[in-house]
Amino acid sequence: MSHWLLKSEPDVFGYPDLERVGREPWNGVRNYQARNFLRQMMVGDLCLFYHSRSKAPGIAGVARITRAAHTDDLQFDPASAYFDPISDPQQPRWSMVEVEAVQAFPEVLTLDTIRALPEWETSPLTRKGARLSVLPVTAEQFGAALTAAGLNAVGLERAARP
DNA sequence: GCCAACGTTGGC
DNA sequence: GCCAACGTTGGC
């Protein structure tokens, strides 16, 4: 199983929103590197749900991939902000996955705290000017984040298994 | 294929 | 709201 980190602006769609709706299509990703990571995701992979552009940026909870990469319909919807006039329906450029809420963190694990974790030193997340909205996370980084949040990483991974 | 201009991201 | 960092675009 792989681990990932997904960024979302809590003002637009935060972890509480994911808990409310249960499952949510992760669409609107329009960056090739991020898209390529989406395409590597497999059902059951766990994701850290990160709040960006917020007063307290950080990880708010854990999500699980419930559907592997498939065509992001918004790229063909002229009314959508994510419309891509260049995309060819025969060979769609953009993909989306589907995620569900697994476990909220007791409180948001702040970026400052994440930066202080040795496992996260090499992550693109903690690099200045980081813009990647979907990024891979090592098992060590995932475990360190859960431990720092006060959760039992092993227990959660077991419980999250479908 | 270079690179300046532009638009967007995201911490602060 | 500011601005640095980054990805993308498009003229040449």
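Basis for what follows: all heavy atoms, side chains included, without hydrogens, waters or symmetry-related copies. All chains are named by letter (A, B, ...) in the order of the sequence lines, taking the proteins before the strands, and each is independently numbered beginning at 1.
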In whole angstrom, what separates [X]'s [atom1] from [N]'s [atom2]?
X	N	atom1	atom2	value
A/Arg93	C/dT9	CZ	P	7 Å
A/Tyr50	B/dT9	OH	P	15 Å
A/Leu132	B/dT9	CG	C1'	11 Å
A/Phe37	C/dG7	CZ	P	12 Å
A/Glu9	B/dG11	CD	P	9 Å
A/Arg35	C/dT8	CZ	P	10 Å
A/Lys7	B/dG11	NZ	C1'	10 Å
A/Asn31	C/dT8	CG	C1'	10 Å

Taking the side chain as every heavy atom from C-beta outward, state whether [X] and [Y] have any atom pair closer than 4.5 Å.
X	Y	result
A/Leu132	A/Gln33	yes
A/Phe83	A/Leu74	no
A/Trp4	A/Leu135	no

Greater than 12 external heavy atoms within 6.0 Å of [X]'s [atom1]:
X	atom1	answer
A/Glu9	CD	yes
A/Arg67	CZ	no
A/Phe76	CZ	yes

Ignoring backbone atoms, establish whether A/Tyr82 has a side-chain N or O less than 4.0 Å from OP1 or OP2 of B/dT8.
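No, A/Tyr82 has no side-chain N/O under 4.0 Å of OP1/OP2 on B/dT8.
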I need the single residue from A/Asn27, A/Asp72, A/Asp84 that forms a side-chain hydrogen bond (donor to acceptor under 3.5 Å, both in side chains) with A/Trp94. Which is it?
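That would be A/Asp84.
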Base, sugar-phosphate or nothing for A/Arg115? Non-hydrogen atoms, less than 4.0 Å.
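Contact class for A/Arg115: sugar-phosphate only.
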Please list, pair by pair, any protein nitrogen or oxygen found under 3.5 Å from a nitrogen or oxygen in nucleotides 4-6 of chain B.
none

A/Gln33 side chain, from C-beta outward: closest of B/dG11, C/dG7, C/dT8:
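The closest nucleotide is C/dG7.
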